[in-house]
Amino acid sequence: MNGLRLEVDLDKVGDNTAQLVTRARQRGLSITATTKAMLGAPELAHVISAAGAVSLGDSRIENVERMIDAGIDHPMLLLRSPMPSQVDRVVRAGVTSLNTETQVLTALAAAARAQGRIHDVILMVELGDLREGLMPEQLDQAVSHVLGLPTLRLHGIGANLACRNGIEPTVENMGELSAIVDSVEAAFSVEIDLVSGGNSANLDWAFGASAIGRINNLRLGESILLGTEPLHRRPIPGLHTDAFTLIAEVIESQRKPTMPWGRSGQNSFGETVEAEDRGSVWQTILAIGRQDTDPTDMAAPDGVEILAASSDHLVVETRDRMCPGDEIRFVPGYSALLRSMTSPFVAKLLCQSDEDDLPGRGIP
Ligand SMILES: *Cc1c(COP(=O)(O)O)cnc(C)c1O
């Protein structure tokens with residue numbers, strides 16, 4: 001077995017999904033569960049679909065195609081605006097795409113016409129976080145553009161907060177989104193099916209006491225996978241926060257001073273390190289590095305302290321000498337999880353307890 005591996009307990013992810021779906025339903029919200037942090041792993045898609053997510057969301061068409069090729073036929077949203085070079089693939093995949101650019105909408109409509117299809121779109125509105133979204137005063141023009149393209153269908157309106165600037169979803173900005181939806185419906189005599197209010201950062205707002213207004217959908221990733229909300233990275237009560245474990249193998253463990261010696265310049269990442277003399281310690285090296293994870297975003301077990309990381313080495317302090325071949329288990333945060341999923345050097349083991357008699361299935 002590969003010493004460097006990410007173990008995923010899919011039962012816990014399924015449980016988290018089911019709980020969030022139930023709580024959201026009580027507030028009139030459906031859940032789109034995102035698969036992008038796991039490269040659209042079909043096993044994940046099965047579990048979260050079975051747990052009640054109305055649709056799957058992924059930011060990359062490659063992941064969407066992977067799920068479709070694996071036979072997943074749940075509705076899907078493409079969360080990132082399509083690249084103009086990929087509009088044919090986006091239309092062919094039959095997903096709903098999130099959009100902000102009339103030029104891209106025109107290209108999607110042309111691709112849909114060529115393929116004899118209708119393509120569903122959601123228009124994204126900027127509410128202050130300054131990532132994707134049309135400025136609100138620009139929305140009417142985009143709506144009329146979509147309505148004028150017969151191969152497009154306006155499926156919904158959405159917004160995304162807390163991703164770039166950490167702007168929180170509040171009664172005010174969610175109220176603004178509701179008002180925008182009302183005004184589009186009134187101005188164009190249309191009905192907007194889906195009003196997608198945001199991501200895991202919306203959960204405090206969603207489960208709070210305030211009115212939900214027109215919002216009827218959230219797109220959740222981190223909360224389902226890690227059981228945390230991203231605004232303060234607090235565990236969500238009742239959810240599993242240990243569905244993912246990142247396991248690395250010891251390759252060296254030596255008693256060493258904490259003070260480096262010799263003349264010092266920058267390290268391999270252009271950083272200048274200020275060392276503190278704490279005498280000598282058990283310095284243990286694990287065969288995992290910045291290429292495989294985000295070493296600043298993982299929780300180490302008791303008795304292990306992360307000191308530094310380079311491309312391929314993680315330097316930790318341990319209470320005692322460890323033997324080469326020993327393993328240490330970490331709990332990754334979202335950033336560490338993303339990077340581990342995309343490192344070809346990290347084996348992925350997806351486990352489900354109803355298959356306990358089988359070894360964890362590896363995915364390539
Ligand atoms: C990634 C993403 C989500 C999910 O975000 P989480 O914080 O993981 O819940 C929702 N919407 C969009 C547009 C995204 O890109």
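Indexing begins at 1, ligand by ligand and atom by atom, following the structure's order.
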If you draw a 6.0 Å radius around CD in Q141, do more than 12 non-hydrogen atoms from other residues or ligands fall strictly inside? no
Heteroatom distance test (G198, ligand 1): nitrogen or oxygen, under 3.5 angstrom: no
Quick check on contacts: which atoms of ligand 1 are under 4.0 angstrom from a heavy atom of E222? 6 (P), 8 (O), 9 (O)
Backbone or side chain, does any N or O of R219 fall under 3.5 Å from an N or O of ligand 1? yes
Proximal ligand 1 atoms for N199, defined as those under 4.0 Å from one of its heavy atoms: 3 (C), 4 (C), 5 (O), 6 (P), 7 (O), 9 (O), 10 (C)
Between D242 and K12, is the closest basic N to carboxylate O distance under 4.0 Å? yes
Under 4.0 Å from a heavy atom of K36: give me the atoms of ligand 1 that qualify, with their elements. 1 (C), 2 (C), 3 (C), 14 (C), 15 (O)
Could you list the atoms of ligand 1 found under 4.0 angstrom from a heavy atom of E132? 13 (C)
Just which atoms of ligand 1 are under 4.0 Å from any heavy atom in L220? 9 (O)
Give the atom numbers and elements of ligand 1 that come within less than 4.0 Å of a heavy atom of S200. 6 (P), 7 (O), 9 (O)
Nearest protein heavy-atom contact for atom 12 (C) of ligand 1: which residue, which atom, what distance? N160 OD1, 3.6 Å
Salt-bridge present (R234, D204; N to O < 4.0 Å): yes
side-chain hydrogen bond (donor to acceptor under 3.5 Å, both in side chains) assessment of T35 paired with D58: CA-CA 5 Å; T35 48; D58 206 291; 2.7 Å; yes
Per-atom contacts of ligand 1 with T34, taking only distances under 4.0 Å to non-hydrogen atoms: 4 (C)
Look at atom CZ of R60 and say whether more than 12 heavy atoms of other residues, nucleotides or ligands are closer to it than 6.0 Å. no
Please determine if R329 and E327 form a salt bridge, counting it only when a charged side-chain N lies under 4.0 Å from a carboxylate O. no
Looking at D277, I'd like to know if its CG atom is crowded, meaning that more than 12 non-hydrogen atoms belonging to other residues, nucleotides or ligands lie closer than 6.0 Å. yes
In Å, rounded to the nearest 0.5 Å, how long is the span from CE of M38 to CG of L6? 7.0 Å
Below 4.0 Å from ligand 1: does a non-hydrogen atom of R131 turn up there or not? yes
